[in-house]
Amino acid sequence: VQLQASGGGSVQAGDSLRLSCTASGRHFRNLGMGWFRQAPGKEREFVAAISWTGAETVYGDSVEGRFTISRDNAKNTMFLQMNSLEPEDTAQYYCAAGTAPWSSRAVVSTESFFGSWGQGTLVTVSS
């Protein structure tokens with residue numbers, strides 16, 4: 001699966017952004033998907049994951065209640081709606097395709113669950 005992330009930009013605190021991740025390849029709809037982010041000088045952090053049907057989702061503690069992950073299997077696309085953005089959300093955001101349809105929270109919130117990664121899109125939030 002090849003992935004292309006888009007939708008990043010520079011916004012003010014409190015604003016919203018919607019990231020998209022478009023996948024090529026016929027296996028997209030059979031795989032769990034996720035978003036990670038990496039701020040300068042920090043390790044990559046789990047943001048959110050969604051099951052192959054879209055029925056199950058999990059979120060990182062820092063984004064729970066503000067971000068919403070979704071997918072449209074007919075369009076091979078995954079989304080991350082980010083509301084109430086904070087300067088701490090500034091990072092490069094990466095989308096990833098899982099190696100299985102789904103698994104437990106402990107598994108899908110780790111990088112090892114994901115086998116394909118997009119190139120990243122930059123989100124900058126100023127105060």
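Positions are given from 1, in the same order as the sequence printed here.
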Counting N and O atoms only, with roles assigned by atom type, does the side chain of [X] sit under 3.5 Å from a partner on the main chain of [Y], one being a donor and the other an acceptor?
X: T124; Y: S10; value: no
X: T90; Y: V125; value: yes
X: R37; Y: L122; value: no
X: Y59; Y: A49; value: no

### Message
Using 30° and 60° as the class boundaries, would you call the ring planes of F114 and F36 parallel, tilted or perpendicular?
### Response
perpendicular
### Contacts of S109 that satisfy side-chain contact (heavy atoms from CB on, under 4.5 Å) - sequence neighbours left out
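Here the qualifying residues are F46.
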Nearest heavy atoms of [X] and [Y], plus distance in Å:
X: L19; Y: G8; value: CD2-N, 3.6 Å
X: G118; Y: Y94; value: O-CD2, 3.6 Å
X: V1; Y: F28; value: CG2-N, 4.5 Å
X: R71; Y: R29; value: NH2-CA, 3.9 Å
X: W35; Y: S20; value: CH2-O, 3.6 Å
X: S84; Y: D89; value: O-OD2, 4.4 Å

### Message
Could you check whether S62 and E86, counting side-chain N and O atoms only, form a donor-acceptor pair closer than 3.5 Å?
### Response
no
### Query
Going by atom types only, do D72 and T77 share a side-chain donor-acceptor pair under 3.5 Å?
no
Taking the side chain as every heavy atom from C-beta outward, state whether [X] and [Y] have any atom pair closer than 4.5 Å.
X: Q119; Y: Q4; value: yes
X: F113; Y: S103; value: yes
X: L85; Y: L17; value: yes
X: E111; Y: R44; value: yes
X: C95; Y: M78; value: yes
X: Q81; Y: S16; value: yes

### Distance (rounded to the nearest 0.5 Å) between W52 CH2 and N30 CG
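If we round to the nearest 0.5 Å, W52:CH2 and N30:CG are 6.5 Å apart.
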### Task
Would you give the length of the straight line joining atom CG of N73 to atom CE of M33, rounded to the nearest 0.5 angstrom?
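It comes to 9.5 Å.
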### Task
Taking atom CD of Q2 as the centre, report whether more than 12 heavy atoms of other residues, nucleotides or ligands fall under 6.0 Å from it.
no
### Query
Can W102 and V108 be said to form a side chain to side chain contact (heavy atoms under 4.5 Å, CB included), step by step?
CA-CA 7 Å; W102 195 234; V108 302; 3.8 Å; yes
### Query
Hey, mind stepping through Q12 and S126 against side-chain hydrogen bond (donor to acceptor under 3.5 Å, both in side chains) and telling me if it holds?
CA-CA 5 Å; Q12 298 287 319; S126 56; 3.2 Å; yes
#### Entry: CA sep, side-chain torsions, deciding dist, call: T99, L31, side chain to side chain contact (heavy atoms under 4.5 Å, CB included)
CA-CA 7 Å; T99 55; L31 299 174; over 6 Å; no
### Query
Can you hop from F79 to I69 via hydrophobic side chains spaced under 4.5 Å?
no
### Task
Decide yes or no on side chain to side chain contact (heavy atoms under 4.5 Å, CB included) for M82 and Y93, but give the supporting numbers first.
CA-CA 12 Å; M82 306 185 294; Y93 283 72; 3.9 Å; yes
